[in-house]
Amino acid sequence: MGVIEVDRRAFLASVGVGSLSLMDAEEKAEALEHYMLDRLDEKANPPDPVEVDEEEQERRGPRGTGALLRPRSEPLPPMPEKPTFLDFFRLRLAASNHCLQSANHALQTGQPERTVLACLLHDGVQGLIRADHGWWGAQLYEPYVDERISWGIRYHGALRFYPDDSVGYEYPHDLYNRIFGEDYVPPDYIREAYDYARNHRWYMESRLITVNDLYAFEEGVELSIDPFVEIIERHFRSPPEGLGYDNSPSAHMWRTIANPDKPL
Ligand SMILES: [Fe+2]
Ligand SMILES: [Fe+2]
């Protein structure tokens, strides 16, 4: 396994030093995670490194938005008329490399299919929105999966900041401290979400997502969605009308992801 090395200077340049002074601890932790996620996806498709100054940040728009809601130079690839989860995964959702890596780790370590699918889904919504992505992701998937899967996704965002020795999970506090020169102190709403999830009977549904949430890659291993297709078929309810056209409570979110250019 190759662990993503964070070059402090490159990371700070990518955030923009001006913005850093305006960010609280949670926003800094998010920025660091996004940076690592982006580096992971670059393993598959390396872009030119970009230094973000204030002008560039302004052009990109709010930091909490996903790439689908930001300016882009190329049009999005067209979606089929009745899109399935696989179509969204291939054509729209974010962090696909990282999610495949996570799901692959869950599969290799013998986790239940439910956990494998949770790992495959856990960060996809970041294509649409990055802020509070655990909550957004849970809402997006809720109508289509076992309740424990979306519950786990909802709380993985808070749990990842807290260690759990019983499963060998350690949040990289050292990395946070090295990059920002201070300890990470979660804001109240994250701590409250953690306390709630920690005492819930489904705690492990969420904790296992963080255990498989690796910022690492296996050299020379080509990741593919193929090993997960049957698991998706078994555990993700696919509406015959296509995702977005089934009148579910999150259908509008799928439509926005499919076509973020719609003016109204
Ligand atoms: Fe995440
Ligand atoms: Fe993740």
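Since this is a predicted model, take the numbers as computed values, not measurements. Every heavy atom of this structure was used, including side-chain atoms; hydrogens, water molecules and symmetry mates were not. As the structure lists them, so they are numbered: ligands from 1, and atoms in each ligand from 1. Throughout, numbering of the chain's residues begins at 1 and tracks the sequence.
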(request) Look at Arg191 together with Asp188 and state whether they make a salt bridge at an N to O cut-off of under 4.0 Å. (result) yes

(message) Give me each pair satisfying side chain to side chain donor-acceptor pair (under 3.5 Å) with a member in residues 227-237, each pair once, sequence neighbours excluded.
(response) Glu113-Arg234, Glu113-His235

(request) Could you confirm whether His156 has any N/O/S atom lying under 2.8 Å from the Fe ion (ligand 2)? (result) no

(message) To check your reading of the site, what angle at the Fe ion (ligand 2) do OD1 of Asp213 and NE2 of His122 form, to 10°?
(response) 90°

(message) Please determine whether a side-chain nitrogen of the Lys or Arg among Glu182 and Lys28 lies less than 4.0 Å from a carboxylate oxygen of the Asp or Glu.
(response) yes

(request) Quick one: report the N, O or S atom of Asp123 that is nearest to the Fe ion (ligand 2). (result) OD2

(request) Give a yes or no on whether a salt bridge exists between Arg207 and Asp164, defined as a side-chain N under 4.0 angstrom from a carboxylate O. (result) yes

